[in-house]
Amino acid sequence: MFEAGQKRRKFAVGNWKMNGSIATNKALLEKLAAGVKDFHDADCVVCVPYPYLCQAQQLLQGSNIAWGAQNICSTKNGALTGAVAPHMLVDYGCRHVLIGHSERRSQFHETDDTAAARFLAAQEAGITPIFCMGESADERDSDWTEYIVGRQLDSLIRRFGPYVLKNAILAYEPLWAVGSDQPATPEQAQEVHAFIRKRIARCDAEVAARVPILYGGSVTAANALGLFSMPDIDGGLIGRASLKAEEFIAITRAANQAAARN
Ligand code: PGA
């Protein structure tokens with residue numbers, strides 16, 4: 001039972017996207033493991049490309065950094081060339097997987113339906129899905145943010161009910177902020193995070209109070225603390241800045257500070 005007034009943990013989740021090499025990963029992961037070892041109030045996670053899961057497992061075992069993947073197939077096994085099944089991620093110690101990232105939706109034709117199926121497959125394998133939602137610049141300009149984010153959220157709740165969010169992390173990632181140098185302001189992000197939490201609360205107040213909601217889109221060491229200090233922002237999903245050790249350590253420190261304070 002989530003007690004009234006109980007704190008949610010904060011997260012710094014790195015999304016490496018299609019970046020890295022054996023040599024650069026080693027240097028990055030070793031620096032990160034040393035740099036975040038004293039942060040106990042925040043969870044640090046790296047989501048790496050599939051070929052590097054084994055390396056992440058070897059280098060991060062025993063550290064306080066968890067690792068995960070950037071996608072998953074919703075099917076358990078079979079004739080699906082190029083796909084990676086949930087149990088394969090479990091074999092490599094993955095505790096998290098990104099689901100429905102905007103780059104998967106826009107460039108690989110993933111839909112609300114396929115994202116929902118992947119979400120459930122991850123959970124059934126014991127992996128925590130990090131479910132991404134967000135509107136484009138045009139949609140925001142047309143005042144459709146709540147409609148788009150609400151639809152993406154409902155794609156889970158309508159199918160599976162609100163309790164499916166008990167073992168999940170949500171990420172609000174406005175498309176106009178991802179990969180740009182235009183982060184949402186803490187107030188802009190907070191407004192959408194509060195909307196997401198209220199919409200879940202209509203179904204179940206305890207699930208709404210407990211589910212972590214991360215912000216993603218041009219998070220840096222300079223803006224992390226401001227964002228993570230907002231009441232409904234429980235940390236970040238970080239792309240480019242997660243590839244630089246000092247920067248990602250500083251962002252994790254900000255998550256840790258914000259968690260210790262709230
Ligand atoms: P960015 O990417 O931090 O480079 O904007 C965030 C993401 O896509 O998860």
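The figures here come from the full heavy-atom set of this structure, side chains too, leaving out hydrogens, waters and symmetry mates.
- Residues Phe195 and Phe131 share a hydrophobic cluster, clusters being chains of Ile/Leu/Val/Met/Phe/Trp/Tyr side chains in contact below 4.5 Å.
- Taking NZ from Lys37 and OG from Ser63, the interatomic distance works out to 12.0 Å, rounded to the nearest 0.5 Å.
- Gln188 places a side-chain N or O within 3.5 Å of a backbone atom of Thr185 that can act as its donor or acceptor partner.
- In terms of heavy atoms, Gly134 sits closest to Val149 at CA-CG2, 4.1 Å.
- Here the closest non-hydrogen pair linking Phe248 and Ile238 is CE1-CD1, 3.9 Å.
- Leu29 places none of its side-chain heavy atoms less than 4.5 Å from the side chain of Trp67.
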Practice task
Could you go through the side chain to side chain contact (heavy atoms under 4.5 Å, CB included) check for Ile213 and Asp232 one step at a time?
Solution key: CA-CA 7 Å; Ile213 309 176; Asp232 290 297; 5.6 Å; no
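- No path of Ile, Leu, Val, Met, Phe, Trp and Tyr side chains, each step under 4.5 Å between heavy atoms, connects Val13 with Met230, placing them in separate hydrophobic clusters.
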Problem - Working for side chain to side chain contact (heavy atoms under 4.5 Å, CB included), residues Leu153 and Ile196 - result: CA-CA 8 Å; Leu153 179 64; Ile196 293 169; 4.0 Å; yes
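- Taken to the nearest 0.5 Å, the OH atom of Tyr147 stands 14.0 Å off from the CD atom of Glu135.
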Exercise for the section: Might you work through the side chain to side chain contact (heavy atoms under 4.5 Å, CB included) test for Val164 and Val207, ending with a clear yes or no? Expected result: CA-CA 9 Å; Val164 82; Val207 171; over 6 Å; no
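- In terms of heavy-atom proximity, Ala168 sits nearest to Thr128 at CA-CG2, 3.9 Å.
- Counted by atom type alone, Gln152 and Ser155 present zero donor-acceptor pairs between their side chains at under 3.5 Å.
- A continuous path of ILVMFWY side-chain contacts below 4.5 Å connects Val192 to Ile200, so both sit in one hydrophobic cluster.
- With rounding to the nearest 0.5 Å, the separation of CG in Leu243 from OG1 in Thr24 is 8.5 Å.
- Proximity of Ile148 to Arg151: side-chain heavy atoms (C-beta onward) are separated by under 4.5 Å at one or more points.
- Ring geometry, His193 versus Tyr215: the interplanar angle falls from 30° to 60°, so the pair is classed tilted.
- The OH atom of Tyr172 sits 10.0 Å away from atom CD1 of Ile233, with the distance rounded to the nearest 0.5 Å.
- Side chains of His101 and Gln70: no donor on one and acceptor on the other come within 3.5 Å.
- In terms of heavy atoms, Ala177 sits closest to Ala184 at CB-N, 4.1 Å.
- Linking Ile, Leu, Val, Met, Phe, Trp and Tyr whenever their side-chain heavy atoms come within less than 4.5 Å leaves Ile130 and Phe160 in two separate clusters.
- The backbone N or O of Gly100 sits less than 3.5 Å from a side-chain atom of Arg105, completing a donor-acceptor pair.
- The side-chain heavy atoms of Leu170 and Leu214, taken from C-beta on, include no pair separated by under 4.5 Å.
- Checked by atom type and distance alone, the side chain of Thr252 never pairs as donor or acceptor with a backbone atom of Cys44 at under 3.5 Å.
- At a threshold of 4.0 Å, the pair Lys7-Asp41 does not count as salt-bridged, since none of the basic side-chain nitrogens sits closer than that to a carboxylate oxygen.
- Few gaps surround NZ on Lys17; more than 12 heavy atoms of other groups in view lie less than 6.0 Å from it.
- The line from CD of Glu173 to CG of Leu98 is 8.0 Å long, rounded to the nearest 0.5 Å.
- A donor-acceptor pair under 3.5 Å is absent between the side-chain atoms of Asp204 and the main chain of Ala201, judged by distance alone.
- Residues Asp91 and Leu53 fail the side-chain proximity criterion, which asks for heavy atoms closer than 4.5 Å.
- More than 12 heavy atoms of other residues, nucleotides or ligands lie within 6.0 Å of CD in Glu247, so this atom counts as buried by the packing criterion.
- You'll find the side chain of Leu165 reaches within 4.5 Å of the side chain of Ile157, heavy atoms only.
- Two residues are said to be in side-chain contact when any heavy atoms from C-beta on lie closer than 4.5 Å; Ile169 and Pro129 fail this criterion.
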Exercise for the section: List the steps and the verdict of side chain to side chain contact (heavy atoms under 4.5 Å, CB included) for Cys47 and Val97. Expected result: CA-CA 7 Å; Cys47 293; Val97 65; over 6 Å; no
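- For the residue pair Asn167 / Gln123, no side-chain donor-acceptor distance below 3.5 Å is found, with atom types taken as modelled.
- A pairwise comparison of heavy atoms in Gln55 and Ile22 identifies NE2-O, 2.9 Å as the closest pair.
- In terms of heavy atoms, Ile127 sits closest to Pro86 at CD1-O, 3.8 Å.
- No continuous path of hydrophobic side-chain contacts links Val211 to Phe11 [ILVMFWY only; heavy atoms under 4.5 Å].
- Looking at heavy atoms from C-beta onward, Asp138 lies out of side-chain contact with Trp144 at the 4.5 angstrom threshold.
- Among Arg9, Lys10, Arg8, the one residue that satisfies the salt bridge (Lys or Arg N to Asp or Glu O under 4.0 Å) test with Asp43 is Arg9.
- To the nearest 0.5 Å, atom SG of residue Cys203 and atom CG of residue Asp154 are 7.5 Å apart.
- No donor-acceptor pair under 3.5 Å is formed between the side chain of Ser74 and the backbone N or O of Ala121.
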Handout entry: Residue pair Ser136, Glu139: steps toward the side chain to side chain donor-acceptor pair (under 3.5 Å) verdict
Key = CA-CA 5 Å; Ser136 67; Glu139 288 161 348; 3.2 Å; yes
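- Looking at Glu206 and Tyr163, their side chains never bring a donor and an acceptor atom within 3.5 Å of each other.
- For the pair Leu237 and Cys132, the minimum side-chain heavy-atom distance is below 4.5 Å.
- Defined by atom type and a distance below 3.5 Å, a donor-acceptor pair is missing between the side-chain atoms of Arg240 and Thr220.
- Between Arg197 and Asp234, at least one side-chain N (NZ, or NE/NH1/NH2) sits under 4.0 Å from a carboxylate O, which counts as a salt bridge.
- Side-chain N/O atoms of Glu110 and Asn71 include a donor and acceptor closer than 3.5 Å.
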